[in-house]
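Order of the sequence lines fixes the chain letters, A, B, ..., with proteins taken first and strands second; residue numbering starts at 1 for each chain.
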Protein chains: 2
Amino acid sequence: MTRPRPEAPDRPARGRRRASHSLDAVLNATVELLDEAGEPALTLRALATRLGTGVGSIYWYVSGKDELIDRAIEHVLGGVLNEVEGQTGTGDPIDDLRVMAVTLFDAIADRPWLGARFMRNIDVQGNSLRLYEKLGQVALRLELTPLQRFHAVSAVVGVVASNGADMGQEPPQAVVDGSVTREEFFGHHAAAWRALDPEEYPFVHDIVDEFEGHDDREQFLAALELTLAGLRLEAGI
Amino acid sequence: MTRPRPEAPDRPARGRRRASHSLDAVLNATVELLDEAGEPALTLRALATRLGTGVGSIYWYVSGKDELIDRAIEHVLGGVLNEVEGQTGTGDPIDDLRVMAVTLFDAIADRPWLGARFMRNIDVQGNSLRLYEKLGQVALRLELTPLQRFHAVSAVVGVVASNGADMGQEPPQAVVDGSVTREEFFGHHAAAWRALDPEEYPFVHDIVDEFEGHDDREQFLAALELTLAGLRLEAGI
DNA sequence: AGCTTTATCGAACCTCGTTCTATCATGGAA
DNA sequence: TTCCATGATAGAACGAGGTTCGATAAAGCT
């Protein structure tokens, strides 16, 4: 986690006199498109159409599609940050970490496209850095060396990102046309797994039932719990 | 983790009489391109040129780029599987899990492009499933419920994938032109972090030294250790 | 009134994945 | 041997997408 970005020379805050579009409008429309149909739906032409403008205009606010997405992520992360800031309890640090991690995860679950890039690049200044900091401040309350703390926070972010990224890739047809439900989709594969040789695939047979009815959130919570338990042990509390 | 693929109707094994190209050749060239310059370098035209053939030919072996990459991953995962199969010790299950996870991670570190898609889609039949199974067989030696086992293996895979995916996105210019070394790159951002208000960003200041000199592998090992410690606790050993 | 900066627009360009059609070799059937 | 189905190849053409460019207008400044 926490790899910085090459540099994003933020445009000088110019006075938007009669701004028909402004960066905010572009970002809002971007988020709309992403929410509605995920990353593939976000094309510059579609965005321009929605904004009632030309493609070229977008390039005045943003250097390209990459920056567009990065800025959109920062945009929605602002909301998440507010949510997280409201819940910095003063109780057990591990419990606080859990609450914050779950909040992050739920935000991603709501916007699967976030999962793909989430927290992969922490800019200097920005909401992702602030989120990282907020998480870390809880870790400051643990009796750890700075290195241990760095690793601890990275690990927690990793669990969120890893399980969150998973949500970003739902089965394609199931969503588009409703021909196959999620149950059918997983059921189909579970059946294939059950058909495997039990001698050769004992583990797959052992967990196929759990796989068939598995819930992404529970899976995330379980992974988080393991990491937090290890952390509690390391901190000796 | 472990989301199955929509279905890959594997082409019937036809006799390759005087096969000038064969699926293997295509896959090898694909892996070469990916190794040399990552995913963006893999275009069908570049692949065709390297094979000394036309783009259309590739489509005879593979249904499209997606399947091409999936098959390429399966291709290299075969080697990883062999490595892993040689080291299924009979000692402490947790130790065995660690060894296998580290082997997986190192394989990804060698081929950063693997990180992005690694284990995101576990096909029915295939090396990724076999790897998953191998990991799981170790977990079978732990006193856990099937659900706990399912979550445990998913968590371990998640740690590998999450930290492995991180390697898949090194700073771009640093590799292309050697104008900026890795040290300079991280040093630059560390400096920016140090310039932040210590009151507002106490955690960032606490760990900035560790960040500046951080090592991806150590970070992965630390995260893995936390998960394994939690697992050991859960299994009561 | 000029001139510069800010902002907009869409045509044109280029790359890429994919499709389509033409073509050739091979191998068995007649 | 001849002929056709099949295996296999090649590359032109299509369409979608990101990005560049030049033209243009509106707003501020001198």
In this structure, how many angstroms lie between the [atom2] atom of [N] and the [atom1] atom of [X], rounded?
{"X": "B:Leu47", "N": "C:dT18", "atom1": "CG", "atom2": "P", "value": "12 Å"}
{"X": "B:Ile58", "N": "D:dA8", "atom1": "CD1", "atom2": "P", "value": "16 Å"}
{"X": "B:Leu23", "N": "D:dG7", "atom1": "CG", "atom2": "P", "value": "16 Å"}
{"X": "B:Tyr61", "N": "C:dT18", "atom1": "OH", "atom2": "C1'", "value": "19 Å"}
{"X": "A:Leu68", "N": "D:dG17", "atom1": "CG", "atom2": "C1'", "value": "14 Å"}
{"X": "A:Trp60", "N": "C:dA7", "atom1": "CH2", "atom2": "P", "value": "3 Å"}

- Query: How would you label the contact of B:Leu42 with the nucleic acid (heavy atoms, under 4.0 Å): base, sugar-phosphate, or nothing?
  - Reply: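 Sugar-phosphate contact only.
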- Query: Any side-chain donor paired with an acceptor under 3.5 Å for A:Gln87 and A:Glu83?
  - Reply: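 There is no such pair (donor and acceptor under 3.5 Å, judged by atom type) between the side chains of A:Gln87 and A:Glu83.
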- Cut-off 3.5 Å, side chains only: do A:Asn28 and A:His75 have a donor facing an acceptor?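 Checked: A:Asn28/A:His75 side chains pair up, N/O donor to acceptor below 3.5 Å.
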- Can you name the side chain to side chain contact (heavy atoms under 4.5 Å, CB included) partners of A:Thr43, sequence neighbours left out?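 With sequence neighbours excluded, A:Thr43 shows a side chain to side chain contact (heavy atoms under 4.5 Å, CB included) to A:Arg45, A:Ala46, given in chain and number order.
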Could you write out each protein N or O paired with an N or O of nucleotides 19-21 of chain D at a distance under 3.5 Å?
unit_1, atom_1, unit_2, atom_2, d
D:dT19, OP2, A:Tyr59, OH, 2.8
D:dT19, OP2, A:Lys65, N, 2.9
D:dT19, O5', A:Tyr59, OH, 3.1

- Message: Restricting to side chain to side chain donor-acceptor pair (under 3.5 Å), what partner residues turn up for B:Glu212, sequence neighbours left out?
- Response: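 So B:Glu212 forms a side chain to side chain donor-acceptor pair (under 3.5 Å) with B:Arg194.
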- OP1, OP2 of C:dA7 versus side-chain N and O of A:Ser57: anything below 4.0 Å?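 Negative; the distance criterion is not met.
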- Message: Out of the candidates B:Ile69, B:Leu42, B:Ile108, B:Ile73, only one should pair with B:Trp113 under the side chain to side chain contact (heavy atoms under 4.5 Å, CB included) rule; please name it.
- Response: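 Filter result, single survivor: B:Ile73.
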- With the threshold set at 4.0 Å, does a side-chain nitrogen-carboxylate oxygen contact exist between B:Arg50 and B:Glu36?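 Here B:Arg50 pairs with B:Glu36 in a salt bridge, since their nearest N and O are under 4.0 Å apart.
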